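No experiment lies behind these values; they were computed from the predicted model shown.
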Amino acid sequence: MPTNCAAAGCAATYNKHINISFHRFPLDPKRRKEWVRLVRRKNFVPGKHTFLCSKHFEASCFDLTGQTRRLKMDAVPTIFDFCTHIKSLKLKSRNLLKKNNSFAPSGPCNLKLNSSQQVLLEHSYAFRNPMEAKKRIIKLEKEIASLRRKMKTCLQRERRATRRWIKATCFVKNLEASNGLPKGISEQILPTALSNLPLEDLKILEQDQEDKTVPIL
C-alpha cells in the first residue's frame, strides 16, 4: 500500500477513511516520462512504489464505471501547487541555516551582541572592565611624566645654548666697541638676529636669561 504522495509539497498520506486514491506511475516509458516532467522534481526517478494521489488529476481523468476509481489510460497529472513547494523549500533552508549556525564557532561575527559589546567592537579604545582601564591610565600617566622630563631637559639645553650665544655676542660687540676687533666683524661671525641688536639690548637680554629658570611641567 502507498504511504504518501510523491508530488512536491503534497502532504497526502494513505488513509482508508479519507476519499483519496493513490496511483502508480505508468509503465509505458512515454507516459511515465510525461508524468515525471509534470511533477517537476529535480533528479526525480520514480520507483516501483512511487505514487501520486488523486488530488493531482482532474475529474475527467477517472473512470467511475466500476466499484473502484481508476485512471484512464491517457490520464496525466495536471494539478500541482508549486508555490507551496517553493515555500516549503525556503522554510527548510532557513531551518537548516539556523541549525548550522547553532554549531558554528562563537565569535563577533556569529554571536548576537548587546549594546555594550557592540561599542567595544566599534571602538578599539574601549575597555572591557574597570581594572583594565585603570592599568591603561597608570601606563599613560607614566608615559606623560617621562615626556615632561624630556621636554624639561630640552628646554634647559636650549636656554643654556641661548645664554652662551648672547654672552658670545656681547663679548664680540664689546671688543668692537673698544677697537679690539675690526668694525663689522660681528655681522660676519654672528647670527643676524643677534648681530643686529644694540649692545645695550644684548646686556638686558643676557640679564633676563640669567634670571629665568625653567618652569616645572
Beyond-backbone contact of F62 with S21, side-chain heavy atoms, under 4.5 angstrom: yes

same_hphob_cluster(F44, L38) at 4.5 Å side-chain heavy-atom cutoff: yes

A6 backbone acceptor or donor facing R41 side chain under 3.5 Å: yes

Matching residue for F57 among V76, T78, L71 - test: side-chain contact (heavy atoms from CB on, under 4.5 Å): L71

Considering all heavy atoms, the nearest C5-F22 contact: N-CE2, 3.7 Å

All pairs passing salt bridge (Lys or Arg N to Asp or Glu O under 4.0 Å) where residues 51-80 contributes a residue, at least two apart: none

Heavy atoms from other residues, nucleotides or ligands near CD1 of I138 exceed 12 (cutoff 6.0 Å): yes

Closest contact, heavy atoms only, M73 versus R31: O-CZ, 2.5 Å

Verdict with supporting geometry, W35 and T50, side-chain contact (heavy atoms from CB on, under 4.5 Å): CA-CA 12 Å; W35 279 38; T50 306; over 6 Å; no

Under the salt bridge (Lys or Arg N to Asp or Glu O under 4.0 Å) test, residues paired with E34 that sit two or more places apart: R37

Donor-acceptor pair, side chain of S146 and main chain of K142, under 3.5 angstrom: no

Separation of K152 NZ from L155 CG (nearest 0.5 Å): 10.0 Å

Set of residues satisfying side-chain contact (heavy atoms from CB on, under 4.5 Å) with respect to R160, sequence neighbours excluded: Q156, R157, R163, R164

Single-linkage hydrophobic cluster V172~L175, side-chain heavy atoms < 4.5 angstrom: yes

Euclidean distance, H56 NE2 relative to H23 NE2, rounded to 0.5 Å: 10.5 Å

Rounded distance (nearest 0.5 Å) linking atom CG of N4 with atom CZ of F51: 10.0 Å

